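Some notes on the structure that comes next.
Just so we're on the same page: letters track the sequence lines, and every chain starts at 1. For the numbers below, each heavy atom of this structure counts, side chains included, while hydrogens, waters and symmetry mates do not. Small disclaimer: the values here were computed from a predicted structure and weren't measured.
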Protein chains: 2
Amino acid sequence: MAADPDDGGPTGAQRSDEPDPGHLPDVDELVVDGQERPSDRVPLSRERILSTALHSIDEEGLAALTMRRLGARLGVEAMSLYRYVPGREALLDGVVDALVGELDHDADVLRSPEHGWQDFLQRMAHGVRRMAIAHPKAFPLIASTPPEAPWLRPPLRSISWVETFLSGLVQQGFSDEEAVAAYRAFTSFLLGNLLLEVSQRGGAVGPLDLVDEEEPVGGLDDAPIVRRLARRLGEDRALQEFEESLESLIDRISAQVLGGSGA
Amino acid sequence: MAADPDDGGPTGAQRSDEPDPGHLPDVDELVVDGQERPSDRVPLSRERILSTALHSIDEEGLAALTMRRLGARLGVEAMSLYRYVPGREALLDGVVDALVGELDHDADVLRSPEHGWQDFLQRMAHGVRRMAIAHPKAFPLIASTPPEAPWLRPPLRSISWVETFLSGLVQQGFSDEEAVAAYRAFTSFLLGNLLLEVSQRGGAVGPLDLVDEEEPVGGLDDAPIVRRLARRLGEDRALQEFEESLESLIDRISAQVLGGSGA
DNA sequence: ACCTGAACACCGTTCAAGT
DNA sequence: ACCTGAACACCGTTCAAGT
């Protein structure tokens, strides 16, 4: 946890009001300019490590997240982390889990489809989008980490999520085949749209995000059309794009379901 | 551009028979088991560095590409590379350019739309897909490198490419607005689909790609539907997905163009 | 002109040792 | 039980020096 509100001494054991790794409380509590006072004796824990790692990525980007720096942020030497996390790779996997876990705290997302599957897909899509936008620099991690199983397609990298998705559709009358097809189409839609949105918002980048804003269009001498459309291409249409694309995806699934067997 | 053909050597200037970084000749010429004999005196050059880097990524993945190892592969110390490439970040940018440059050598891709824009989009989409599949481990690089300009949306990270795309559509009667909308939809379609396909094919991963094949479905105890659909989810439907999704995208664009002003 | 040796600051990771 | 010092192998990068 970034810094969970309890500095619970060794006595209290784990208190269940402690927010879990996914759901982050307000940024910066206890953590003063990136480093705790050594006198704080909040004990290390996997949760605290993962959530601090996520905060760190949010603030400084992926490249700046180092075992040693993360240790410093936690007021500890790097080697201590290995007691809770097997290594850097595993740390990043944990961050992905923490990210995905945030969705479980989004009231809108995991409810079953009571207003039809179209509404269900809308809610899920927008839930994932909120998560992506909340963590633009961490989101690419979700896409580039290996897909340990074929049924975990980015960005839906949580079994419980996938279960909710598939069972929701089946429950709405989709055949197995239709549900799987919808799942595939839905994931690539989300991945493409959100990755692009997030990278446009200045994610992905390393520590060199000092982009001169309104640069005067360089290197476009051999690209007259691009130059003509440059201003239009620069407009932020991310939300509209997302909604139109989602609408179209839903239409497509709809046609498939109606044209085939049921619903 | 990948590497503009002029590296103006002092004497002979550039030899045009040397393959450029994008278009790779057959693997392993000169390079014997990953390391040249020191007596070979093929001089270093930006092209040679970039194309060797791409080969290295294809073979060993992104994480294994190190300035020092790349130097070794080229029969040279790491420091020598800095004469041709400003640093590792720039090296990776160069690799992206080399990758994108490959498309320029794909006869099918860059022809203007003589058989209508639908066919044009089909050719472009499949061209990019061929490139992604030829370099599954390098492709994610295209998605995660910063988008230096808003008109260069991954995976179409070459101005000349974007120019061809947009001018092709405009030439087919698209309004500026329609062309830009189509460009946006097309890029997110490509990115989502290809990134997923490539990661399923075992790209992205670090050096730990020793995946037990046919693992007996672990951790699915709380996910009965996923378990039931596991086999179906594991099937490789990448090509069909791609074609259906592309077809649907073209339909969507078609409706927009017909419903709006022209064509 | 082109490459290298040596050095610097920084990594991830291990392990015996401290408290 | 939890953390650390010291060490190892490996990074990216700089720069004066070699040829």
| note | Sorted by chain and residue number, the ring pair (Phe, Tyr, Trp, His ring centres under 6.0 Å) partners of F242(B) (sequence neighbours excluded) come out as H126(B), F189(B)
| query | Within this structure, what is the CG-to-P distance between L62(B) and dG12(D), rounded to whole angstrom? | reply | 12 Å
| task | List for me each residue that meets side-chain contact (heavy atoms from CB on, under 4.5 Å) alongside A134(B), sequence neighbours excluded, and say none if there are none. | result | none
| task | Give a yes/no on whether any side-chain N or O of T66(B) is located under 4.0 angstrom from OP1 or OP2 of dC10(D). | result | no
| task | Identify, with sequence neighbours excluded, every residue that meets side chain to side chain donor-acceptor pair (under 3.5 Å) alongside T66(A). | result | none
| field | S80(A): side-chain contact (heavy atoms from CB on, under 4.5 Å) partners, not counting sequence neighbours | value | L44(A), V76(A), E77(A)
| Nearest-Å distance, CG (L74(A)) to C1' (dC2(D))? | 14 Å
| Contacts of type side-chain contact (heavy atoms from CB on, under 4.5 Å), residue A138(B), not counting sequence neighbours | L54(B), I57(B), D58(B), L99(B), H135(B)
| side-chain contact (heavy atoms from CB on, under 4.5 Å) against R88(B), all qualifying residues, sequence neighbours excluded | L65(B), M67(B), L92(B)
| message | I need the CZ-P distance between R69(B) and dG12(D), as an integer number of Å. | response | 9 Å
| request: Ignoring backbone atoms, test whether S80(B) places a side-chain nitrogen or oxygen under 4.0 Å from the OP1 or OP2 oxygen of dC2(C). | output: no
| query | Should R227(B) and D221(B) be marked as a salt bridge (charged side-chain N to carboxylate O under 4.0 Å, His left out) after you check the CA-CA gap, both sets of side-chain angles, and the distance that decides it? | reply | CA-CA 8 Å; R227(B) 174 196 252 118; D221(B) 295 336; 3.4 Å; yes
| I49(B) CD1 to dC3(C) P, straight-line distance once rounded to whole Å | 9 Å
| remark: From CZ of R48(A) across to P of dC2(D) the rounded distance in Å is 13 Å
| request: Find the distance between CD (Q200(B)) and CD (E197(B)) and round it off to the nearest 0.5 Å. | output: 8.0 Å
| query | When Watson-Crick pairs (N1 to N3 and N6-O4 or O6-N4) and G-U wobble pairs (N1-O2 and O6-N3) count only below 3.5 Å on both distances, what is the dot-bracket string of DNA chain C, with | for other-strand pairs? | reply | ||.|||||...|||||.||
| message | What is the separation between atom CD on E77(A) and atom P on dA7(D), rounded to the nearest whole Å? | response | 15 Å
| task | Name all residues meeting the ring pair (Phe, Tyr, Trp, His ring centres under 6.0 Å) criterion together with Y183(B); count only those two or more places apart in sequence or in a different chain, and write none if there are none. | result | F165(B)
Identify the pairs formed between an N or O of the protein and an N or O of nucleotides 13-15 of chain D at a distance under 3.5 Å, and give each distance.
residue: dT13(D); atom: OP2; partner: Y82(B); partner atom: OH; Å: 2.8
residue: dT13(D); atom: OP2; partner: R88(B); partner atom: N; Å: 2.8
residue: dT13(D); atom: O5'; partner: Y82(B); partner atom: OH; Å: 3.3

